[in-house]
Amino acid sequence: MSGQPIPVLMVDEYPDYIDAEVWAAELKKRVPQLEFRLWPDIGNEADIDIVLIDKGTGPFDAMTGLRAVVYLGAGVDGIDLKSFPKSAPLIRLATRELASEVVQYIVLRVLCQQRHVAEYMSQQARKIWNPIAPGKISETRIVVLGAGRIGGWAAKLFAELGYDTAVWSRHQKALPGIQSYFGPAQLADALTGRDYVICSLPLTADTRGILNSSAFEKVKRGAYLVNVARGAHVNEADLIRALDEDQLSGACLDVFQHEPLEPSSPLWSHPKVTITPHAASFWVDCGIVQAADLCGQVARGEPPSNKIDLQQGY
């Protein structure tokens, strides 16, 4: 179909993050034959080749010519995979820039806790000069749950900094200098005695609610949690209980079960919780190049890259 129009439909539920006009201009610049449409102005549904979507199930039923769906996010839990059309591959954004933003966030939050940044800010406000010894890096144990592009990269950086680093994932990973745990049977061992728990898992039936009272009981007393994955990984009631009982010293949460986080949520005012508004990765526009490459693959009749396994959910 080289040279023929490539109708692309964008379904944009988050205009604050995704500027459809920018996407349209940049995609057309890279793919001249692209015909950009923005929901709900979809035109003839049957001739749409590619859908760019950031949430929901999508209007797929009448799209008989659909060749690919690109999910504009790090995970695909926002799409109902059971009702997703099996004839078209589901593609994830997998840019280095997006992954880098999340990895930066993970390292930042651990270092802020390790180096007592909040305490020093409080001391400065009260004009107090009091050095606080950070924990020794070599004696600080970190486990990263999820060892893909983001979790694996973060784990490598922590290991290079000298942290005692481990990962846990569905399958065993071979990461130099990093202990790899895998499968449900090894989760308890992965968590036991850890000072920091980083969650970068995909959200699946197996990982939903994985951070609960049972998990929190395994970590070292006073451990710290960073969640950049999905809010549904965390049982919030169990988290608050672990914080109140000092089993956890704190938690930094970028994602929540319901977003935006309800004003009534006790997490807002909990003194041991740091909240950010799902901003660990922000510049989705870096996926424009990947989307343009996908259009080129479709135009040339090539199989698209970065396909999601609908059975595994990632």
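- In terms of the side chain to side chain contact (heavy atoms under 4.5 Å, CB included) criterion, residue partners of Thr140 (sequence neighbours excluded) are, by chain and number, Gln114, Tyr163, Asp195, Tyr196.
- With sequence neighbours excluded, the residues satisfying side chain to side chain contact (heavy atoms under 4.5 Å, CB included) with Arg30 are Glu26, Ile288, Val289, Ala292.
- The side-chain hydrogen bond (donor to acceptor under 3.5 Å, both in side chains) search around Lys156 returns none, not counting sequence neighbours.
- Judged as a salt bridge (charged side-chain N to carboxylate O under 4.0 Å, His left out), and not counting sequence neighbours, Asp293 has no contacts.
- Residues meeting the side-chain hydrogen bond (donor to acceptor under 3.5 Å, both in side chains) test with Gln104, sequence neighbours left out: Ser100.
- Asp164 contributes no side-chain N or O that, together with a main-chain N or O of Arg141, makes up a donor-acceptor pair within less than 3.5 Å.
- Scored by the salt bridge (charged side-chain N to carboxylate O under 4.0 Å, His left out) test, Arg115 finds no partners at all (sequence neighbours excluded).
- Through direct or indirect side-chain contacts shorter than 4.5 Å among Ile, Leu, Val, Met, Phe, Trp and Tyr, Val117 is connected to Met121.
- Between Val8 and Asp49 there is no side-chain heavy-atom pair separated by less than 4.5 Å.
- Applying the side chain to side chain contact (heavy atoms under 4.5 Å, CB included) rule to Ala280 yields the partners Val102, Tyr105, Val228, Asp254; only residues at least two apart in sequence or on another chain are considered.
- Annotation: salt bridge (charged side-chain N to carboxylate O under 4.0 Å, His left out) contacts of Lys272 (sequence neighbours excluded): Asp246.
- Applying the side chain to side chain contact (heavy atoms under 4.5 Å, CB included) test to Leu108 and every residue at least two apart in sequence or in another chain returns Cys112.
- Through direct or indirect side-chain contacts shorter than 4.5 Å among Ile, Leu, Val, Met, Phe, Trp and Tyr, Tyr120 is connected to Ile132.
- Note on Asp309 versus Arg92: no salt bridge recorded, every NZ/NE/NH1/NH2 to OD/OE distance being 4.0 Å or above.
- The side-chain hydrogen bond (donor to acceptor under 3.5 Å, both in side chains) analysis of residues 180-192, with sequence neighbours excluded, yields the pairs Gln179-Tyr181.
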